[in-house]
Number of protein chains: 2
Amino acid sequence: MKILFHVFSILTLMTWLASSSNAQEHRHNLMPTPAEVRFQSEELAGKLTIRESFSTAVRGYNDRRLEAGIDRAMRRLEGRIGMELGRGLATDAETATLVIECREAGQGVPSLNEDESYSLEVSNGRATLKAATVIGALRGMETLLQLVESGRDGYYIPFVKIEDKPRFRWRGLLFDSSRHFQPLEVIKRNLDGMAAVKLNVFHWHLTDDQGFRIESKKYPKLTGLGSDGLFYTQDQAREIIAYAAERGIRVVPEFDLPGHATSWAVGYPELASAPGPYRIERQPGIFDPTLDPTREEVYQFLDAFFGEMAALFPDEYMHIGGDENEGRQWVRNPQIQAFMKERGIKNNHSLQAYFTTRLARILRNHKKKVMGWEEIMADDLSRDVVIHSWRGPESLAEAVKKGFSGVLSAGYYIDLSYPASNHYRVDPVAADKNLSPQEEARILGGEATMWGEYVGPETIDSRIWPRAAAIAERFWSPRSVDDVDDMYRRLAVVSVRLEEIGLTHEKNYRSLLRRMAGVKEIGPLETLVSVVEPVKQYNRGKQRSTTMLSPLTGFVDAARPDSEAARHFAALVAGFLADAPRFQTGREEMERTLVKWRDARPAIEAITGRSGLRDAEHLAAELFDLAQAALEALACLTESKTPDGPWAKVKTAILQQAAKPKPSAVEFAILPSVRQLVIAAIELPQLRGQSPLEWRKRVKTLAEGAQTQ
Amino acid sequence: MKILFHVFSILTLMTWLASSSNAQEHRHNLMPTPAEVRFQSEELAGKLTIRESFSTAVRGYNDRRLEAGIDRAMRRLEGRIGMELGRGLATDAETATLVIECREAGQGVPSLNEDESYSLEVSNGRATLKAATVIGALRGMETLLQLVESGRDGYYIPFVKIEDKPRFRWRGLLFDSSRHFQPLEVIKRNLDGMAAVKLNVFHWHLTDDQGFRIESKKYPKLTGLGSDGLFYTQDQAREIIAYAAERGIRVVPEFDLPGHATSWAVGYPELASAPGPYRIERQPGIFDPTLDPTREEVYQFLDAFFGEMAALFPDEYMHIGGDENEGRQWVRNPQIQAFMKERGIKNNHSLQAYFTTRLARILRNHKKKVMGWEEIMADDLSRDVVIHSWRGPESLAEAVKKGFSGVLSAGYYIDLSYPASNHYRVDPVAADKNLSPQEEARILGGEATMWGEYVGPETIDSRIWPRAAAIAERFWSPRSVDDVDDMYRRLAVVSVRLEEIGLTHEKNYRSLLRRMAGVKEIGPLETLVSVVEPVKQYNRGKQRSTTMLSPLTGFVDAARPDSEAARHFAALVAGFLADAPRFQTGREEMERTLVKWRDARPAIEAITGRSGLRDAEHLAAELFDLAQAALEALACLTESKTPDGPWAKVKTAILQQAAKPKPSAVEFAILPSVRQLVIAAIELPQLRGQSPLEWRKRVKTLAEGAQTQ
């Protein structure tokens, strides 16, 4: 980590400590971690105490966006610390607590090239935030809010020096409004969440087979017939764009073509490659309706449509989709086949390239640059196209080697219910691809994808947050910031703070449990839901019939990805097994935990006769068996007992049963840990009398094996 | 209760049971309880099972409002039962599960005279809902949703016959948007809550000293200078009016005059009775700024303003406030004094009557009827004025005896943090006022008042719900429905169901606790908050400095009125003491509860160094002492020990300390019960050897005394 300031007396240097995420010196709660951050050493650790007199002044450039940003930050601070602070700006910068020095406005509509850097210094009695642009200042204010700590003497900001700027310029969240429509307030609170963790691209997936969500005044049947009446008016889209710009966030709309096009064809079947009629698709999946790339009328339609959208969406990029076109309608259409033959177009891929090239030309005429999924890559495509990778680092590397720019989403699919750690470990720049510095520079960043098959307004926050904050750190912070444990420690803090802007990820799952139970006392259901997760990948659709019209209020909807209880238990089990052959570390807490899990069953059954608890009852019965197995395994290990013959068989069957797909579409996140304990109880007795080293080796092997069984 | 149908075979009669709230036959979860409801007897109790094939048909009149209402009801049902139901209406009424027969549209803008009655019959395989108007049908659908129960075999509606209509025509909720502005979505979810419990008047308090919240195009400085930019545009007001009308709810706007007028005078100081300048008031209370009733320009202004508002708000009534004008500016203004002398106006009350009479004339010219607080009552006022009583049954009786109509709010001030039972026991028609039937008929109903001094968007729901549902029952149901215990039983169910429309009363207080603690694990804080309530009346302002700009995120904001834990504990104590001199009933549960309360203290202190927990720490220390005292009292009583001398003194001091006003502005709802136990432990030993009857008499006296000490 670099020294912050070039001229620095040795004495001063001694009092400031470079802090990486690994540093023990000062455990901060910042996420994303700034590029450079130094706290004072423990013995000096100064504090800027927050009093009611806290005031903010702006030196240099100022405008309405900056003032509004300051006001929002102060209101959030007030709410958190429960203390009324003054309104408006202080006129005297000399006496203000926080001084913001901004050089210029920055872009009203933020672009890829916006300067988001800032520096922040908190020292004797004052905080100074400097930034080239207002957007940089907004980023710095989020850091300031994250710095606030509390102690016996009140709230304070520790003395600190920060120099910060993003590693990647493109830090996005794909938000799918097509599969399930999301009301404006849902989008707004998520934009606030994005701003809080310094994400800067709201990728708005507006059209797909399951719904066309943006008003076209030229083609009113797009929403008139393709949206069930659930769409954004152009005024509402402008409201979102302005709301995002206020927070330094770009809005990149996606109009997915030529596949994923059912909702276009409902109102305008003549666009498709087969006659229709079409109906809004209610299922998840990949469907046939595809635009006909051979007819001039289609391009005339697209020209007029994209002209309208180009005027509505100010961002320089427009996303044209391009993914998962299987070309089935093309193959079956003789006229299209004749067209291909005539022009020497060899296959569907080339036909799509023909379509993409023409569409790109239309967009260029409307002064827009093109972004699209990697299927659109074609040799004669202009190199200002941004390739969006859902397939992975392989094809992203291919894209940048060909001269395209690229944005990575593979590895950041938050809709698949993987833990934050999985995403956190993925880097937009794969280490093994031998990219030149120029090629690497063309990797603009990444986007977390919130595909909308299984999320409604009540649940979407819990699928995005807090995990997207860890991805935001990956996109913003230096590559060296990679300590998973420390990420989770900070993520827990960030998660609570994200609630203060109205996000519902920490509270709505309990509402769902209450609705299901019909009563307020849901303690045992909370216990149960804490140890499960929604199934990974797209398995939900396989295990549980769900259309786009199904209610999203089941037990699986209350379950949340990345179970904290399971992570904590896994750590306990690891510590316990590492303590072989003594087996004492963490034993009591494990027992307490397991007893609680086991006893959830009768408590859930006692909420008698609730058919809404059917899923929960089945799961509670399985959890009972798992907890019982773990408790018995624990007893065997601590008491150096060898389990009797049938035990292994019975418990292994329980583990296998618990691992099976369930109609509830959840899975036991604690299963690998329970499995580890059971296998340890079965296998470790053979080691009796051997050296602790042998024990530890065997335990390590067991731990690795248990994850995958 | 009347027999439902005139011709009824004896056999049929035997199978249907009249059910009042007292009836043990079938404990329903309806609130408000219908005028007449009969379930089948236990042994026959038929059920209409809800399957995926559930369908709805409309016979007779149909329109967009009805269809939208059906769709909303079906989506809520889906969400609750987690089962996808079909969309749209069934075409064949013969095979539909639910058949709705409506005679006519009813009023597009609902009025005081709307027919809200309906009948509902659920029997073999189908439900039939009949109503004169669409609004009646909407009321019936809410009942239908409340009828849904669940059991091992799934969700069902029990066979039932209901004939229902409201007791009062005016069933309102006063919603104060002035003291704290409330965003549109907060209002919408509360309108949904109102509809769910059949309230039908949204009384929108739009102006007061602390803010002018409705756009006037004629007088833009009203909001331009009087609102901090927080106001409803006329389009937004229309959106709310339409949203309410969709649900059969009237919107009656209130423009509070001539007092409570600071926010008018900020932009237009020439309206006031003293020169100004004026600033938006930030404190709660009663303030001097008052319109000048002597100047013609003021009436010209009001004529133009109310003309604009009359066009905006379609309801036939307009509320002109009129309360709490202390006339201080009038007394000090020589020109006003001269005016009074000249006209022979003897006092401020008569001057206000002059103002009211002129304002009423202006409103009549704009085709509006007047409603106002009881201060506006004056002899030469037209009898179509509705007197709104905040003072009580006395003045309401006076009003109707004079020929006015009246609406009662005294007794329904939900902002004062009293338990639902207090409000539930108040009847709009006081029993002791000797009203003639005609006079009684002029009592139109009542309104719960949600004054906005201490509520923000995050907390307002928890101040309205669920208590407003109990008041809604008072306004709708027969007077004979008055069982408090049964009300609370049903209220707990209703409270959970109100969450399904987005109300946040059950979930936001935990968010506040997390924000305060900065961590997710808030179990001990939940325990603590469950035994306290916000202080009653307007004592919050006395105990804790709070302006209209203060954050509403303190412990008192997380605390909720009408502590369930305290109510439950009080019942346990009552049962325990009634079991004198054995003292066994409920003992174990009491001990468990008290130990939990006591042990919250170390757990809260363990969340180290959080200054946001200062209030909680003090309270936890007091709770520790209270719980300890109760535990010791319990031990004395069960073990027939006489507490030693100093014990009584020490514990009495603890009780007195706990009863003192605190800066946290909460109070211990469990205090009367703890006091009862302690006093019992002190006094009952004297009774040893006496008859159980003596014991019981003494316990009863104790119980009564403990409430008031």
Side-chain angles (χ1 to χ4, degrees), chain A residues 29 75 77-87 149-156 183-185 228 456-458 492-493 495-497 499-500 502 504 506-508 510-512 514-520 545-547 549-555 557 564 608-615, chain B residues 29 75 77-87 149-156 183-185 228 456-458 492-493 495-497 499-500 502 504 506-508 510-512 514-520 545-547 549-555 557 564 608-615:
Chain A
N29 295 317
R75 301 293 76 74
L77 181 59
E78 273 186 339
R80 200 187 306 159
I81 71 180
M83 183 190 289
E84 183 178 335
L85 306 175
R87 306 260 162 159
E149 299 187 16
S150 71
R152 293 272 148 211
D153 305 327
Y155 290 90
Y156 64 90
L184 251 58
E185 66 259 30
D228 300 303
E458 264 187 299
V493 178
S495 191
V496 170
R497 290 190 174 168
E499 280 198 275
E500 78 191 16
T504 63
E506 290 287 354
K507 62 186 175 185
N508 275 6
R510 289 193 186 88
S511 293
L512 291 173
R514 281 189 290 270
R515 189 170 323 161
M516 211 173 287
V519 296
K520 283 185 221 183
S545 147
T546 314
T547 78
L549 300 179
S550 301
L552 296 163
T553 52
F555 196 76
D557 300 292
E564 282 183 46
T608 47
R610 292 279 165 190
S611 57
L613 297 180
R614 197 67 52 84
D615 280 346
Chain B
N29 295 318
R75 301 293 75 76
L77 181 58
E78 273 186 338
R80 197 185 311 158
I81 71 179
M83 184 192 287
E84 184 177 334
L85 306 175
R87 305 260 163 158
E149 298 186 16
S150 69
R152 293 272 148 211
D153 304 327
Y155 290 90
Y156 64 89
L184 252 60
E185 66 257 30
D228 301 302
E458 263 187 298
V493 179
S495 192
V496 169
R497 289 187 175 169
E499 280 198 274
E500 79 191 19
T504 63
E506 290 287 353
K507 61 186 175 185
N508 275 6
R510 289 193 186 87
S511 294
L512 290 173
R514 281 190 290 270
R515 189 170 323 161
M516 212 173 287
V519 296
K520 282 185 221 183
S545 148
T546 314
T547 80
L549 300 179
S550 302
L552 296 164
T553 52
F555 197 75
D557 301 293
E564 282 183 48
T608 47
R610 291 282 164 188
S611 58
L613 297 180
R614 199 66 53 83
D615 281 346

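A note on names: the letters A, B, ... follow the listed sequences, proteins ahead of strands, and every chain is numbered from 1. No hydrogens, no waters, no symmetry mates; every other heavy atom, side chains included, goes into these values.
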Can you name the nearest heavy-atom pair linking A/Glu84 to B/Ser550, along with the distance? OE1-OG, 2.5 Å
Would you give the length of the straight line joining atom CZ of A/Arg614 to atom CZ of B/Arg152, rounded to the nearest 0.5 angstrom? 7.0 Å
How would you list, by chain and number, every residue that makes a salt bridge (charged side-chain N to carboxylate O under 4.0 Å, His left out) with A/Glu458, sequence neighbours excluded? A/Arg515
Taking every non-hydrogen pair under 4.5 Å, which of B/Asp557, B/Val493, B/Thr547, B/Val519 racks up the most with chain A? B/Thr547
Less than 4.5 Å to any heavy atom of chain B: does that hold for the side chain of A/Arg80, its backbone, both, or neither? both
Which one, A/Arg514, A/Glu78, A/Arg87, A/Met83, leads in non-hydrogen pairs under 4.5 Å with chain B? A/Arg514
With chain B, the option among A/Gly79, A/Gly612, A/Ser495 that has the most non-hydrogen atom pairs under 4.5 Å is A/Gly79
To the nearest 0.5 Å, what is the distance between OG1 on B/Thr504 and CG on A/Asn508? 10.0 Å
Would you kindly say whether B/Ser511 and A/Glu506 are connected by a side-chain donor-acceptor distance under 3.5 Å? no
State the CG-NZ distance between B/Leu512 and A/Lys507, to the nearest 0.5 angstrom. 8.0 Å
Most contacts with chain B, counted as non-hydrogen pairs under 4.5 angstrom, among A/Val496, A/Leu549, A/Thr553: A/Leu549
Main chain of A/Pro551, side chain of B/Arg75: is a donor-acceptor contact present, judged purely on distance under 3.5 Å? no
Using non-hydrogen atoms and a 4.5 Å limit, figure out which bit of A/Arg497 sits close to chain B: side chain, backbone, both or neither. neither
Contact part of A/Glu185 toward chain B, heavy-atom cut-off under 4.5 Å: side chain, backbone, both or neither? side chain
Option that, when pairs with chain B are counted at under 4.5 Å, heavy atom only, ranks first among A/Arg510, A/Glu564, A/Glu500, A/Glu499: A/Glu499
To check you understand the geometry: which heavy-atom pair defines the closest contact between A/Ser611 and B/Gly151, and what is its length? CB-O, 3.1 Å
